[in-house]
Amino acid sequence: MKDINIINYASAISDAIEIGLSTNSNIRVIGIGVNYSAGIFGTTRKAFLTYGEQFVVDTPAMENALTGIAAGAALVGVRPIVTHARNDFAFLALDQLINVYSKWQYMFDGKAGSLPVITRLLVGRGWGQGATHSQSIQSILGHFPGLRVVMPANPSDAKGMLLNALLSKDPIVIIEHRNLYSLEGEVQNGHYTTPLEGASVVIEGTDLTIVAVSICVVEALEAAKEILKFGINVEVVDLRSIQPLDSETVLSSVTKTKRLIVIDTSWVQYGISAEILALVAERGMPLLSPPKRLGKAPHPAPVSKVLEDVFYPTSRTIIESVLAMMSIEYRVETTIAKDQETGIFNPY
Amino acid sequence: VNSSESNHWEKYFGLYQKMLEMRRFEEGVADRYSEGKMRTPTHLGIGQEAVAAGVLSAKDEHDVVFSHHRCHNHYLGSGGDMNALAAELYGKSTGCSGGRGGSVHLVDRNAGFLGSSAILGESIALAVGAAYGKRTLGKQGISIVFFGDGALEEGVAWESMNFAAIHNLPVFFVCENNLYSTESDFSSRRAANTSYCARAASLGLETLSLDGNDSISVSKKADEIFREIRIGSRPYFMEALTYRWKEHVGPFYDHEMNRNYRSKEEFDYWTKKCPLEGLKKIFSADPDFTDKKLQLIDNLVAKKVFDAFEFAENSPYPLLSSGAHRVYSE
């Protein structure tokens with residue numbers, strides 16, 4: 001058996017859950033629809049078929065209580081993996097996530113134990129997901145000290161971070177972008193872990209730093225390839241962890257390139273991009289041109305395809321921003337405009 | 001005197017001692033609160049002791065307890081360390097939560113008291129989760145959760161009870177209905193001719209409503225309910241009618257603060273139903289009863305409470321450098 005296989009992001013998560021269950025009988029996969037035939041985009045289906053309903057537990061639509069129940073179960077030894085099929089549903093669970101999860105260990109000075117609960121939150125996009133099925137709440141969750149918030153951007157991290165989270169004592173939120181599920185990549189077989197903290201430099205470059213999260217890393221990598229044709233070497237930093245934030249990797253990249261674009265899966269105001277720019281500003285770092293933030297257009301997500309297509313930043317937006325920042329005149333060819341819908345016909 | 005009869009007197013004196021500990025401790029808090037050393041919003045449960053003492057008299061070492069913002073009685077009733085409670089109110093490092101949680105965030109895992117919360121129904125979900133966890137891991141014990149009538153206005157309470165009913169989890173839901181949510185009475189919070197028990201029963205829970213100031217009756221019912229839950233009956237919902245004597249939060253009586261949301265007649269009716277006085281009246285039927293026996297209990301409790309406040313006063317504050325510790329575990 002090969003040590004490394006090319007598998008997609010969803011399979012990588014499914015693998016991690018199965019490996020977890022095979023080595024730790026205290027793990028329970030809990031959430032609305034985790035046992036369905038579609039099984040949270042296939043990520044929980046295999047676990048359900050192998051381990052059954054005692055280990056993979058479907059619940060009523062009770063997002064807040066479900067999140068609290070997972071916490072209570074963790075207090076007596078369970079290792080829950082809770083899934084909310086969209087970030088938007090997790091708004092109903094914010095009391096538990098913010099008042100309980102993020103504070104439990106601190107507020108009782110460790111004497112009430114820790115809450116080793118993994119919360120998987122899915123982000124929707126495309127096929128008219130619309131205003132309340134496409135939000136991405138990393139900056140909300142990252143704002144309150146105590147939660148670990150990660151956004152794996154490739155299959156290897158998706159598996160390694162989940163396996164690492166299963167060993168951690170802290171409450172961990174994993175934000176997964178639905179459009180990453182079909183992304184293929186090299187993934188090590190069997191058990192391994194990747195760090196829950198620390199950004200990674202995905203492509204080294206000298207001219208400009210792009211800091212990105214989740215699917216925006218994929219867009220940034222695509223853009224970087226095109227931009228290379230103009231002789232521009234972009235450095236792409238995958239933030240990986242939102243909280244804690246690896247400011248050193250970001251700052252050392254910007255120190256080198258002196259140009260910065262940040263791209264987020266959410267809006268720019270009060271978001272990740274605001275935080276990264278604040279970091280750079282606070283250090284008084286000299287830049288060769290004003291930094292740029294890319295995110296969703298400043299309105300709720302529209303359904304109509306013509307409006308949706310221009311709502312999200314894409315590799316094309318990134319290319320335009322990079323070239324503008326580098327003062328290069330250009331005309332973006334339409335071939336690099338990508339239809340996010342390709343191949344996706346499952347609206348759930 | 002046969003042994004079962006002497007046992008039940010022993011149990012009643014135990015209840016009395018437990019309730020007296022709660023009462024004297026909280027009176028101690030109220031007496032000292034204005035000194036300004038307990039800088040934590042404090043919700044006193046004076047008048048409600050019989051619910052905590054009665055229910056928790058049935059608890060064993062496998063059981064776990066959760067509570068809400070008015071949690072001192074449940075912490076002490078579970079066997080929580082009184083010194084650590086006092087120190088917590090004083091913000092000292094020896095507090096049960098290291099001085100970080102305050103009056104509403106108590107814990108004593110050795111006593112099975114797993115935590116309390118300031119957000120009304122929040123801990124109901126935690127309690128159901130603990131019961132689910134015990135069930136799915138094959139562990140013994142039931143989960144007891146105390147909450148007020150106000151908590152039943154939050155969706156999380158019903159979401160949680162529904163889950164407990166679906167999975168037949170070993171949970172004892174104890175609603176301390178003290179008739180008020182802060183200063184709001186039922187007319188603004190509950191439709192006429194409806195009841196909490198009927199709502200809970202509609203989800204599939206066993207239910208019972210009783211006089212929450214009668215410690216013996218609460219204790220006897222708790223024994224039965226714990227036994228039934230242990231042998232696998234449905235989860236239980238108990239509404240214990242009781243009354244908070246003091247203001248919602250703070251050391252004073254409402255009349256001292258010129259608040260009139262509760263009538264004097266109502267207040268007098270309930271203070272006449274004092275759980276401690278009610279139990280005392282029964283002791284005269286005990287053939288072995290002597291005033292000296294009560295005096296002995298009073299003295300023991302007074303010493304314990306005095307020592308707890310001494311402990312708190314003499315304990316150190318947390319180190320300034322510790323403020324950022326334990327945001328994460330590693």
Report, in residue-number order, which members of residues 105-120 of chain B are under 4.5 Å from chain A by heavy-atom distance.
B:H105, B:L106, B:V107, B:R109, B:L114, B:G115, B:S116, B:I119
Going by residue number, which parts of residues 138-158 of chain B are within reach of chain A, meaning a heavy-atom gap below 4.5 Å?
B:K139, B:V156
Please report the interatomic distance [atom1]([X]) to [atom2]([Y]), rounded to the nearest 0.5 Å.
X	Y	atom1	atom2	value
B:L169	A:I69	CG	CD1	8.0 Å
B:R326	A:F108	CZ	CZ	14.0 Å
B:S322	A:D109	OG	CG	7.0 Å

Quick one: what part of A:P80 sits under 4.5 Å from any heavy atom of chain B, side chain, backbone, both or neither?
neither
Contact summary for B:Y132 and A:A73, nearest pair of heavy atoms:
CD2-CB, 3.9 Å
Nearest heavy-atom contact between B:Y328 and A:L147 is OH-O, 2.9 Å
Does A:Q96 offer a backbone N or O that forms a donor-acceptor pair with the side chain of B:E122 under 3.5 Å?
no
Does [X] [atom1] have over 12 foreign heavy atoms under 6.0 Å away?
X	atom1	answer
B:R39	CZ	no
A:E53	CD	no
A:H143	NE2	no

What residues form a ring pair (Phe, Tyr, Trp, His ring centres under 6.0 Å) with B:H72, not counting sequence neighbours?
none
Those residues of residues 59-66 of chain A, ordered by number, that approach chain B below 4.5 Å (heavy atom to heavy atom):
A:T59, A:P60, A:M62, A:E63, A:N64, A:A65
Heavy-atom side-chain contact between [X] and [Y] under 4.5 Å:
X	Y	result
A:W104	B:L126	yes
A:Q243	B:V327	no
B:C96	A:K111	no

